[in-house]
Amino acid sequence: MADLKEFAEQLVNLTVKEVNELADILKDEYGIEPAAAAVAVAGGAAAGGGDAAEEQTEFDVILKAAGGSKLAVVKLVKELTGAGLKDAKGLVDNAPSPIKEGVAKDEAEALKAQLEEAGAEVELK
């Protein structure tokens, strides 16, 4: 049990660079795509370190609410995500939902503007 606790301590204290290297090893050698875990560990590392002054370069576009024009928002979400109509409707119905994740600031702001124009409430994280 002590070994697992020690291992957990090592994982929590990894730098962003080390997390990326670990993700590459897991993917290349074991066929594991650890995207969610890497983001969680990297987020924890950045929150506690001196990297906080670094400007955010990737954003998540989150649909908070469909607004008054739900059909227009569903159609736009379908177009923007490339999802089917049923999946797009599911994203809109289950708001808040991520529409796109890890996109550049310019793209995120453009998506937000399009969605707001269609009547949706959108948030960038």
Side-chain angles (χ1 to χ4, degrees):
M1 185 70 159
D3 290 335
L4 288 177
K5 190 170 187 167
E6 187 177 304
F7 180 67
E9 284 284 326
Q10 289 175 340
L11 282 175
V12 170
N13 292 319
L14 290 176
T15 65
V16 174
K17 182 179 178 185
E18 291 169 330
V19 170
N20 287 332
E21 289 175 15
L22 176 60
D24 290 341
I25 291 168
L26 290 172
K27 182 179 177 184
D28 296 341
E29 295 183 19
Y30 300 100
I32 299 171
E33 295 265 355
V39 169
V41 173
D51 293 343
E54 203 172 296
E55 187 176 336
Q56 183 176 352
T57 58
E58 291 186 348
F59 294 84
D60 296 341
V61 180
I62 310 294
L63 176 70
K64 290 178 70 175
S69 186
K70 184 177 173 183
L71 182 59
V73 173
V74 169
K75 287 180 179 179
L76 185 57
V77 167
K78 178 182 179 293
E79 179 184 318
L80 294 174
T81 62
L85 186 60
K86 183 177 180 180
D87 293 335
K89 184 180 182 305
L91 286 171
V92 173
D93 287 343
N94 295 319
S97 325
I99 301 302
K100 290 245 181 165
E101 297 178 324
V103 297
K105 183 177 182 177
D106 294 340
E107 183 181 355
E109 288 176 349
L111 293 170
K112 180 180 179 186
Q114 288 178 311
L115 287 161
E116 286 177 341
E117 190 176 310
E121 289 182 42
V122 184
E123 175 183 36
L124 297 181
K125 285 190 176 186

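Keep in mind it's a predicted model, so treat the numbers as computed, not measured.
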What heavy-atom pair brings Val73 and Gly119 nearest, and what distance separates the two atoms?
CG2-C, 4.4 Å
Would you say the side chain of Glu18 lies within less than 4.5 Å of the side chain of Leu22, judging by non-hydrogen atoms?
no
Look up atom NZ in Lys89 and atom CG in Asn94, then write down how far apart they are to the nearest 0.5 Å.
9.0 Å
Search all heavy atoms of Phe59 against all heavy atoms of Ala108 and return the closest pair with its distance.
CB-CB, 3.8 Å
By salt bridge (Lys or Arg N to Asp or Glu O under 4.0 Å), which residues pair with Asp60, not counting sequence neighbours?
none
Which atom of Ala88 lies closest to which atom of Val74, heavy atoms considered:
CB-O, 3.7 Å
Rounded to the nearest 0.5 Å, the NZ atom of Lys112 sits from the CD atom of Glu117 at a distance of 14.0 Å
Greater than 12 external heavy atoms within 6.0 Å of Glu123's CD
yes
Could you go step by step and tell me if Leu91 and Leu63 meet the side-chain contact (heavy atoms from CB on, under 4.5 Å) rule?
CA-CA 8 Å; Leu91 286 171; Leu63 176 70; 5.6 Å; no
Can Leu80 be reached from Ile62 by stepping across I, L, V, M, F, W or Y side chains whose heavy atoms are under 4.5 Å apart?
no
Residue pair Asp93 / Lys70: nearest heavy atoms and the distance that separates them:
OD1-NZ, 2.5 Å
Nearest 0.5 angstrom please: Glu116 CD to Lys64 NZ, how far?
10.5 Å
Can you check whether Thr81 reaches Asp87 side chain to side chain, under 4.5 Å on heavy atoms?
no
How long is the span from the CD atom in Glu58 to the NZ atom in Lys100, to the nearest 0.5 Å?
13.0 Å
Answer whether the closest heavy-atom distance between the side chains of Leu111 and Ile99 falls below 4.5 Å.
no
Rounded to the nearest 0.5 Å, what's the gap from CG on Leu71 to NZ on Lys75? Could you check?
4.5 Å
Any chance you could measure Glu29, atom CD, to Asp24, atom CG, to the nearest 0.5 Å?
10.0 Å
Least distance between heavy atoms, Ala66 atom then Val92 atom
CB-CG1, 3.5 Å
Looking at every heavy atom in both Ala118 and Ala72, which two are closest together, and how far apart are they?
O-CB, 4.2 Å
